[in-house]
Amino acid sequence: MTKTQGHHQAVESMQKLTITIDGPAGSGKSSVARRVAALLGYSYLDSGAMYRALALKALERNVPPNSDASLEALAKETHIELKPPTPECEAVGAKNRVFLDGREVTNEIRTAEVAQAASQLATIAAVRRVLVAEQQRAGGGGGVVMEGRDIGTVVFPHAELKIFLDASPEVRAERRWKEHQEKGEAFTLSQVLDEVHERDRRDRERKVSPLVRAKDAVLVDNTAMGIEETARLIVMLAGERQKEAPVCAAKKV
Ligand code: DC
């Protein structure tokens with residue numbers, strides 16, 4: 001056996017972990033989660049895209065954002081699929097490709113209107129139940145990095161590695177502001193900071209599945225760290241968890 005074969009076999013025989021990355025808006029979750037998945041050869045799943053896709057469908061059908069029963073029914077009859085981005089799209093930082101009842105909506109869900117509607121329907125417990133079940137199905141086999149707000153607390157409470165990613169509100173606002181600038185959207189930094197504070201409040205104070213750090217999540221504050229450095233720290237933690245994890249343990253959701 002060559003050295004390389006031996007190495008591959010050792011990697012293959014290692015248990016594939018479930019890694020959850022939760023955190024507030026602008027904490028760098030998406031970029032970091034994508035990079036961690038790429039470094040480990042895992043799949044990357046963006047749970048927020050599911051809330052956005054359902055919100056898009058609700059907007060298209062004029063379902064009011066406060067109509068819990070209609071939105072629950074809509075969630076139950078909706079099929080949302082997340083697929084890896086094409087290599088060209090991945091190179092420019094695209095997230096998952098998103099399919100809503102078979103129709104690709106990858107770009108359509110990235111508008112302020114859809115984000116707003118998604119954050120409203122994300123407060124409805126019955127809607128969350130449906131989407132959480134979908135997320136558990138999508139990531140159930142392990143070898144996955146899933147990002148969101150409640151992944152370590154609700155979706156995969158038994159995940160082997162949970163990260164709570166945070167950064168100061170000022171730095172998070174600056175990152176968002178730069179994204180707006182790149183898209184040619186004219187917001188001032190202070191407007192974006194206000195929006196970050198408002199989203200933090202809504203995410204952390206909502207009654208159903210609020211954004212909280214799971215007790216066993218590792219807090220990673222990346223205020224003074226870049227994406228690559230943060231991702232490599234998480235990969236290092238994953239390596240340690242892999243050494244601790246029994247190879248033939250039954251996978252718990
Ligand atoms: O991560 P994002 O901005 O694309 O998420 C869109 C909305 O969905 C956001 O307002 C929070 C909500 N969300 C949630 O409540 N739970 C998740 N696991 C992911 C997103």
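Atoms within a ligand are numbered from 1 in the order they appear, just like the ligands themselves. Keep in mind the model is a prediction, meaning the values are calculated, not measured.
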Which atom pairs, nitrogen or oxygen on both sides, join ligand 1 and the protein at under 3.5 angstrom?
unit_1	atom_1	unit_2	atom_2	d
ligand 1	1 (O)	Arg149	NH1	3.0
ligand 1	3 (O)	Arg52	NH2	3.2
ligand 1	4 (O)	Arg52	NE	2.7
ligand 1	4 (O)	Arg52	NH2	3.4
ligand 1	15 (O)	Arg128	NH1	2.8
ligand 1	15 (O)	Arg128	NH2	3.4
ligand 1	15 (O)	Arg206	NH1	3.2
ligand 1	15 (O)	Arg206	NH2	3.1
ligand 1	16 (N)	Arg128	NH2	3.0
ligand 1	18 (N)	Ser47	OG	3.0
ligand 1	18 (N)	Arg149	N	3.3
ligand 1	18 (N)	Asp150	OD1	2.8

Check this for me: does any side-chain nitrogen of one of Glu174 and Lys178 sit under 4.0 Å from a carboxylate oxygen of the other?
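Counted as a salt bridge, because a side-chain N and a carboxylate O are separated by less than 4.0 Å.
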Are the charged groups of Asp46 and Arg110 less than 4.0 angstrom apart, N to O?
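The answer is yes: the pair qualifies as a salt bridge.
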By side chain to side chain contact (heavy atoms under 4.5 Å, CB included) - contacts of Thr223 (at least two apart)
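Thr223 satisfies side chain to side chain contact (heavy atoms under 4.5 Å, CB included) with Ala167, Ser168, Val171, Asp221 once adjacent residues are dropped.
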Check: Ile80 and Leu131 side chains under 4.5 Å, non-hydrogen atoms
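With C-beta onward as the side chain, the pair touches.
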Any ring-ring contact (aromatic ring centres under 6.0 Å, His included) involving residues 177-228? Give me the pairs, sequence neighbours left out, ordered by first then second residue.
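ring-ring contact (aromatic ring centres under 6.0 Å, His included) check on residues 177-228 returns His180-Phe187.
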Set of residues satisfying side chain to side chain donor-acceptor pair (under 3.5 Å) with respect to Arg128, sequence neighbours excluded
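In terms of side chain to side chain donor-acceptor pair (under 3.5 Å), with neighbours along the sequence ignored, Arg128 is linked to Tyr51, Asp150.
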